[in-house]
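Step one of this worksheet: look at the structure below.
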Amino acid sequence: MDRLENIRFALINTSHAGNIGASARAMKVMGLKQLHLIGPTDYPSAEATARASGADDVLFNANVHDSLDQAIAPCTLVFGSSARNRGMDIPVIDLAEAVKLMLSTAANQQVALLFGKERYGMTNEEMQRCHYLVKFPANPEYSSLNLAAAVQVAAYEIRKQCLELQAPPGIIEGGSAITAELPFADAAKMQSFYNHLFAVMHEVDFMQTQNVDSLTEKLRMMFNRMRIEKHEMDILRGFLSAVRKNIKK
């Protein structure tokens, strides 16, 4: 069950304090402890404590962040709870499949599952931080889940599969096992790389004001699909540094 220690649930801009408390309760019931809050409207809150119903440790130890990038900084794999990619090139997978990937990676790396704001879900910019979007097995004619209910469903599936897990850690993809021990670049390193990349692109006039949003999205999606390893990141950063050095000569 050590894998559960490496899985964090991140609630983005939660507006109802009760949902935070109910989410903490849902997580504790399933043995999950890492609750992260990004810009909550009302926290700490007496309502959240009441709805936590004994899961005070998970609630009070929740990490509060000013930004999503800060919340997922050490994670090498990030999932978003959304059944629609809104035309972005982000794979949408079923919850059961997502949990297999989570548990495999969580053997020795940090994983995040993101939940968007109650009324609007995740924004396009928030989705761009995700390697996968997760589709819950809901009624297609009425698939809207309350935030805390969605947390409960995800937490249950994670615990169920964790208990069933017998085989050595490995990500099953395309019928073959890929070790989860590969030293992937975490979200913090990826964000630092993007800042470096976009700055150089501006300097060589490749990124213009009129195409910056579209190009930023496409590049993030491309590198998310690749899942860059640490040594590959070193090569890319070295290349960008060399480009910057030479254009300043």
Side-chain angles (χ1 to χ4, degrees), residues 3-4 6-14 19-20 22-24 26-27 29-32 34-38 68-69 71-72 74-107 109-165 171-174 178 180 184 186-187 190 217 220-221 223-227:
R3 287 174 170 83
L4 300 184
N6 287 332
I7 298 176
R8 62 182 58 190
F9 280 22
L11 313 186
I12 304 170
N13 301 137
T14 308
N19 278 330
I20 297 175
S23 295
M27 291 174 64
V29 167
M30 297 301 159
L32 292 155
Q34 281 211 61
L35 176 60
H36 291 253
L37 308 174
I38 299 100
L68 174 56
D69 288 328
I72 62 173
C75 300
T76 64
L77 190 59
V78 179
F79 297 83
S81 57
S82 176
R84 296 176 298 140
N85 61 11
R86 297 176 188 162
M88 291 186 288
D89 192 13
I90 312 172
V92 179
I93 60 178
D94 291 333
L95 176 62
E97 182 183 356
V99 170
K100 289 179 184 177
L101 297 174
M102 287 182 204
L103 290 174
S104 180
T105 303
Q109 298 171 61
Q110 290 282 318
V111 177
L113 175 58
L114 312 182
F115 296 85
K117 195 169 184 176
E118 287 98 334
R119 287 189 63 189
Y120 308 111
M122 297 179 66
T123 67
N124 287 4
E125 185 178 356
E126 289 159 358
M127 286 182 180
Q128 289 175 29
R129 268 58 178 178
C130 301
H131 297 92
Y132 298 94
L133 298 178
V134 182
K135 180 173 64 175
F136 285 64
N139 176 3
E141 295 179 3
Y142 186 73
S143 59
S144 176
L145 271 175
N146 168 269
L147 172 59
V151 168
Q152 183 69 83
V153 172
Y156 167 77
E157 184 65 27
I158 290 170
R159 184 170 185 84
K160 180 172 73 73
Q161 287 198 32
C162 193
L163 289 171
E164 295 171 351
L165 196 58
I171 298 175
I172 306 303
E173 190 172 287
I178 304 173
F184 292 113
D186 61 27
M190 290 304 300
E217 175 187 314
R220 284 184 180 275
M221 297 303 93
F223 285 108
N224 278 349
R225 289 196 304 274
M226 292 179 181
R227 291 200 69 198

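The figures that follow rest on heavy atoms only: side chains count, while hydrogens, waters and symmetry mates do not.
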Which atom pair, heavy atoms only, marks the closest approach of K135 to D94?
CE-OD1, 3.1 Å
Passes side chain to side chain contact (heavy atoms under 4.5 Å, CB included), L101 versus F79? Steps please.
CA-CA 10 Å; L101 297 174; F79 297 83; 3.8 Å; yes
Here the pair of heavy atoms bringing A22 nearest to A148 is CB-CB, 3.5 Å
For the residue pair M102 and Q161, establish whether any side-chain heavy-atom pair is separated by less than 4.5 Å.
no
Return the CG to CD1 distance between L113 and I72, rounded to the nearest 0.5 Å.
12.0 Å
Could you go through R3 and L165, starting from their C-alpha distance and side-chain angles, then the distance that decides it, and tell me whether this counts as side chain to side chain contact (heavy atoms under 4.5 Å, CB included)?
CA-CA 11 Å; R3 287 174 170 83; L165 196 58; 3.3 Å; yes
Side chains of N13 and Y120: does their closest heavy-atom pair fall under 4.5 Å?
no
dist M30:CE -> I7:CD1 (nearest 0.5 Å) comes out at 13.5 Å
Could you please spell out the steps behind the side chain to side chain contact (heavy atoms under 4.5 Å, CB included) verdict for L77 and R227?
CA-CA 8 Å; L77 190 59; R227 291 200 69 198; 3.7 Å; yes
Salt-bridged, E157 to K160, with N to O below 4.0 Å?
yes
Any L37 side-chain heavy atom under 4.5 Å of L35 side chain:
yes
When rounded to the nearest 0.5 angstrom, what distance separates CD in Q152 from CE in M27?
11.0 Å
Side chains of E217 and N124 only: does a donor on one sit below 3.5 Å from an acceptor on the other?
no
To the nearest 0.5 Å, how far apart are CZ in R129 and CE in M122?
10.0 Å
On a heavy-atom basis, which atom in A106 and which in N6 lie closest, and how many Å separate them?
O-ND2, 2.9 Å
Between T76 and D186 (side chain of the first, backbone of the second, donor and acceptor by atom type, cut-off under 3.5 Å), is there such a pair?
no
Interatomic distance, M127 atom CE to M221 atom CE [nearest 0.5 angstrom]:
10.0 Å
Would you say the side-chain atoms of N224 pair up with the backbone N or O of Q128, donor to acceptor, closer than 3.5 Å?
yes
Is it true that a side-chain atom of D69 and a backbone atom of A187 form a donor plus acceptor pair closer than 3.5 Å?
no
So do the side chains of R225 and D89 get within less than 4.5 Å of each other, counting heavy atoms only?
yes
Within a reach of under 6.0 Å around OH of Y156, are more than 12 heavy atoms found that belong to other residues, nucleotides or ligands?
no
To the nearest 0.5 Å, tell me how far L133 CG sits from I93 CD1.
9.0 Å
Within 6.0 Å of CZ in R84, more than 12 heavy atoms from elsewhere
no
Looking only at atom types and distance, does a side-chain atom of N146 sit under 3.5 Å from a main-chain N or O of A149, one as donor and one as acceptor?
yes
Quick one: sort the F115 and F9 rings into parallel, tilted or perpendicular, breaks at 30° and 60°.
tilted
I need the minimum non-hydrogen distance between L147 and G116, along with the two atoms involved.
CD1-O, 4.4 Å
Ignoring hydrogens and geometry, is there a side-chain-to-backbone donor-acceptor pair from N139 to E141 under 3.5 Å?
yes
Backbone N/O of N19 and side chain of S23: donor-acceptor pair under 3.5 Å
yes
Smallest heavy-atom separation, V29 atom then R159 atom, equals O-CD, 4.5 Å
Does any part of the side chain of E118, heavy atoms only, come nearer than 4.5 Å to the side chain of T14, both counted from C-beta?
yes
Paired with L114, the side-chain contact (heavy atoms from CB on, under 4.5 Å) test is passed by just one of C130, S81, C75, namely C130
Please report the shortest heavy-atom distance between A155 and L32, naming the atom on each side.
CB-CD1, 3.6 Å
Say whether, by atom type as modelled, one donor and one acceptor occur between the side chain of R8 and the main chain of A71 under 3.5 angstrom.
yes
